[in-house]
Amino acid sequence: MAQLTYRDAVARGIAQEMRRDERVLLVGEDVAGAGGVFKTTVGLLDEFGPTRVVDTPISEQAILGAAMGAAMTGLRPVAEIMFSDFFAVCWDIVVNQIAKTRYMTGGQVSLPLVIKTGNGGGLRFGAQHSQSIENWAMAIPGLKVVTPSTPEDVVGLMAAAIRDDDPVIFCEHKGLYASKGEVPDGDIIDSLGTAKVRRPGRDATILSLGMMVPRALAAAEALAARGMDVEVIDVRSLVPLDTQTILGSVSRTGRLFTVEENPQLLGWGAEIASLASDECFWDLDGPIQRITTPHIPLPSADSLEDLVMPSEESIATTIEKALQS
Amino acid sequence: MRSPLTDHVYGQHASVLPPQDQTRHDGDDIDLAVRTGLYRSMREMRVFEKRAYDLFMKQLVKGTSHLSLGMEAIAAGFGQAMRRDDYTFATYRGHAHTLARGVPMTPVLAELLGRANGLLGGKGGSMHLTSVEHGMMGSYAIIGAHLTIANGAAWSAQYRGSGQVAVCFFGDGTTNIGAFHEALNYAAVYKLPVVFVCENNMYMEYTSIFDITAVERPAADRASAYGLEPVLIDGNDADEVYLAAGRALDRARAGDGPSLIEAVTYRHGGHSRADPGKYRPSEEVEAWKAYDPLDVYRDRLIRLGVSADELLAIDAEVLAAVDTATQEAIAGDLPAPESAFTDLWADGGWSWRN
Ligand SMILES: Cc1ncc(C[n+]2csc(CCOP(=O)(O)OP(=O)(O)O)c2C)c(N)n1
Ligand SMILES: [Mg+2]
């Protein structure tokens, strides 16, 4: 067991897989010599050398196109898109090329690649460097989408993503990079498509993702002090989705809340709310409620950004009001 | 020649050192009033950004910020050469370009502090400084985008016959994204009145431009692909920038189309506030710090007969202005919570349903 930061866990997960499998390469802007602008790839150049850890020009389309071409010819690349907002400049490669090719070619082409990316807000980076883009990706058939919230999950889900034969968008929450957690020694291999119950509870199910997980947990503690026992689930993987764990919990507690960092429209919680109303409507004791950022871009000023993102207080208050009405 | 990845040694690119002769523009035909204006403008940028850095160290500037300390001659040279109604398009490294258009210091500093009296009310931050009334058409934080947008402003000026020119500043690293190449071809095809200015500070974020670019001169060596003259200038000499700017602006206004200027310069600090810049060889950093655009210019003015007292008076005025802006910015209120919900739509609001 060792204490590891979330950012160090990223490098550890990639290193674990690079040691095991020579086909795994890492490519992206500033990932090699500098160890990543968020320091998530420190040490990889030293250990694996410049043929396997490659610094690129600022050329996102070329980076992801190269990852795809390498994946279709036998390699298993991990490509970095530094900030998830930059997916917008290379979305063609992701959406039209990477996501659709296995299907269109009748399974001839396999694309075992991972696109890792710094995602999310709370760092006062303003509207073009703070977005949560999981829902952009999950709207596209053919992409898997994961967002770990703890260092241990970072290592295990990175390994699972690299070993998966389909393209995976691996969202690292920038606001969690400095956070620490216990990580077991030795190889860790998790599985995509599994949610984790972070805090068991009876009165309601709270789904959360990424940086919203610690906030939901803190809100749950505050609610416990006020006599409400809520279950907090870390969704972790949006595609594939662990509906058994999620809907099983909803059926048990009878109430569902989602805590989403993304703007309201078409957030991941909307999809799960719709599944819950299809599949466990009769188990619900009250309306499903989504707690999201309002449908606005994120402002840069700290006071405004804090105001609009779901916070421990706003989560606790919303849930308390709903449970008591 | 270095190249294949196998024998690539990181951080071992050849340093590019500054020019030796600092007197070669002394005799240029530039009014002394323009020259003292150039000095004042650079001084404002320098003192302003140093103050911004101090305020960041005091945790008053919360978000990220990208300083152009050491790169002031480019912003000042263009600022003095541009017409009042010309358009500026800048990057996240845009404080100096904003000041160059005459935007007052207080709202710029207050924006960095996330205050209600900020240029954007605290909603944009350091990376998105914009002041339409000053022709400052924005600071853009996604690499490459604003070259294409500057083309649109130039197209509009061409269509309206206004004689305005759009000037678009970007870095060396930006020459490797597709949008750079699309924008240049597009501008050349339609002979748009736009000036593209590559501020070549020799690094993208933490990676040397020479390590990841196929040609030696990231912008100038690409000009011929779009039928443009390669223009390579000393970006630390405000006179050289001012004259090159004038030529490119005249060409655009005359209807002869775009220019691509590569101005070689150096940033004194790291890429952003998070970066100490350790990946750069120390001899390179020292050589460029010794070729400081402000020192170069001060020495020139003295040689041209401007008194040291006059320069000291400018320095004192600038310092006083920065002090006032600091006080006004720090005294600014936090943005009203309701302001988070304004201006998504033309009606001033944010709602999407009834
Ligand atoms: C499309 C895109 N990719 C990557 C980035 C991250 N990024 C921000 S600044 C920068 C380096 C830019 O280098 P350069 O163009 O030389 O400008 P400089 O910062 O040196 O002024 C990078 C890679 C970005 N903002 N947008
Ligand atoms: Mg640069």
Side-chain angles (χ1 to χ4, degrees), chain A residues 25 27-39 45-46 49-63 65 82-83 85-90 92 122-130 263-265 293-309, chain B residues 5-11 61-64 92 111 113-116 118 120-128 140-145 171 173-180 204-209 211-214 271-272 274-275 278-279 334-337 339-341 344 350-353:
Chain A
L25 312 180
V27 60
E29 293 160 20
D30 300 304
V31 298
V37 303
F38 299 118
K39 301 288 172 221
L45 173 67
D46 287 344
T51 50
R52 293 184 70 193
V53 181
V54 181
D55 272 333
T56 68
I58 307 173
S59 307
E60 283 80 4
Q61 287 203 57
I63 294 167
M82 187 189 291
F83 283 77
D85 314 70
F86 310 160
F87 269 115
V89 306
C90 49
D92 169 55
L123 285 96
R124 294 66 171 105
F125 278 162
Q128 294 182 350
H129 281 69
S130 303
Q264 185 183 355
L265 271 62
T293 297
H295 208 64
I296 54 170
L298 279 180
S300 66
D302 50 340
S303 60
L304 295 181
E305 192 179 34
D306 287 344
L307 175 80
V308 299
M309 285 172 67
Chain B
L5 288 168
T6 34
D7 50 68
H8 187 111
V9 185
Y10 282 89
V61 174
K62 303 279 175 37
T64 184
Y92 48 86
E111 186 61 29
L113 270 59
R115 302 301 167 100
L120 316 167
K123 284 160 78 172
S126 159
M127 294 205 286
H128 299 294
Y140 297 80
I142 307 292
I143 295 291
T174 302
T175 63
N176 289 326
I177 199 162
F180 167 85
M204 35 186 274
E205 286 201 33
Y206 307 162
T207 299
S208 160
I209 191 68
D211 285 346
I212 41 82
T213 308
H271 167 74
S272 68
D275 169 29
K278 292 289 183 221
Y279 42 86
L334 292 181
S339 71
F341 301 96
L344 186 64
W350 72 290
S351 86
W352 55 272
R353 53 169 291 181

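Chain naming here is simple, since letters A, B, ... match the order of the sequence lines and numbering starts at 1 in each.
The shortest heavy-atom contact between B:Asn176 and A:Ser59 is O-OG, 2.6 Å. Looking at every heavy atom in both residues, A:Val308 comes nearest to B:Ala340 through CG1-CB, 3.8 Å. Minimum heavy-atom separation, B:Trp350 to A:His295: CZ3-N, 3.5 Å.
The greatest number of non-hydrogen atom pairs below 4.5 Å with chain B, out of A:Leu265, A:Leu307, A:Val89, A:Ile296, is found for A:Leu265. Each of B:Ser126, B:Ala141, B:Gly121 has some count of heavy-atom pairs under 4.5 Å with chain A, and the biggest count is that of B:Ala141. Across A:Gly126, A:Ala34, A:Pro294, the residue that shares the most heavy-atom pairs under 4.5 angstrom with chain B is A:Pro294. When each of B:Gly114, B:Ala179, B:Pro335, B:Gly125 is scored by its heavy-atom pairs under 4.5 Å with chain A, the top score falls to B:Pro335.
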### Message
Working note: A:His129 + B:Met127, criterion side-chain contact (heavy atoms from CB on, under 4.5 Å); need CA distance, chi angles, decisive distance, verdict.
### Response
CA-CA 10 Å; A:His129 281 69; B:Met127 294 205 286; 3.4 Å; yes

#### Entry: Derivation and outcome, side-chain contact (heavy atoms from CB on, under 4.5 Å), residues A:Gln264 and B:Trp352
CA-CA 11 Å; A:Gln264 185 183 355; B:Trp352 55 272; 3.9 Å; yes

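Interface residue B:Ala336: only backbone heavy atoms are found under 4.5 Å from chain A. Heavy atoms closer than 4.5 Å to chain B are found nowhere in A:Gln61, neither backbone nor side chain. Looking at B:Thr64, both its backbone and its side chain come within 4.5 Å of chain A, counting heavy atoms on both sides. For B:Leu344, the part lying under 4.5 angstrom from a heavy atom of chain A is the side chain only. Proximity to chain B is limited to the backbone of A:Leu123, based on heavy atoms less than 4.5 angstrom apart.
Side chains of A:Glu29 and B:Met204 form a contact here, defined as non-hydrogen atoms less than 4.5 Å apart.
Annotation: the span from B:Ile142 atom CD1 to A:Asp85 atom CG amounts to 5.5 Å, rounded to 0.5 Å.
Just one residue in the list A:Val37, A:Asp30, A:Thr56 forms a side-chain contact (heavy atoms from CB on, under 4.5 Å) with B:Thr207, and that residue is A:Asp30. Screening B:Glu111, B:His128, B:Lys62 for a side-chain contact (heavy atoms from CB on, under 4.5 Å) with A:Ser300, the sole residue that qualifies is B:Glu111.
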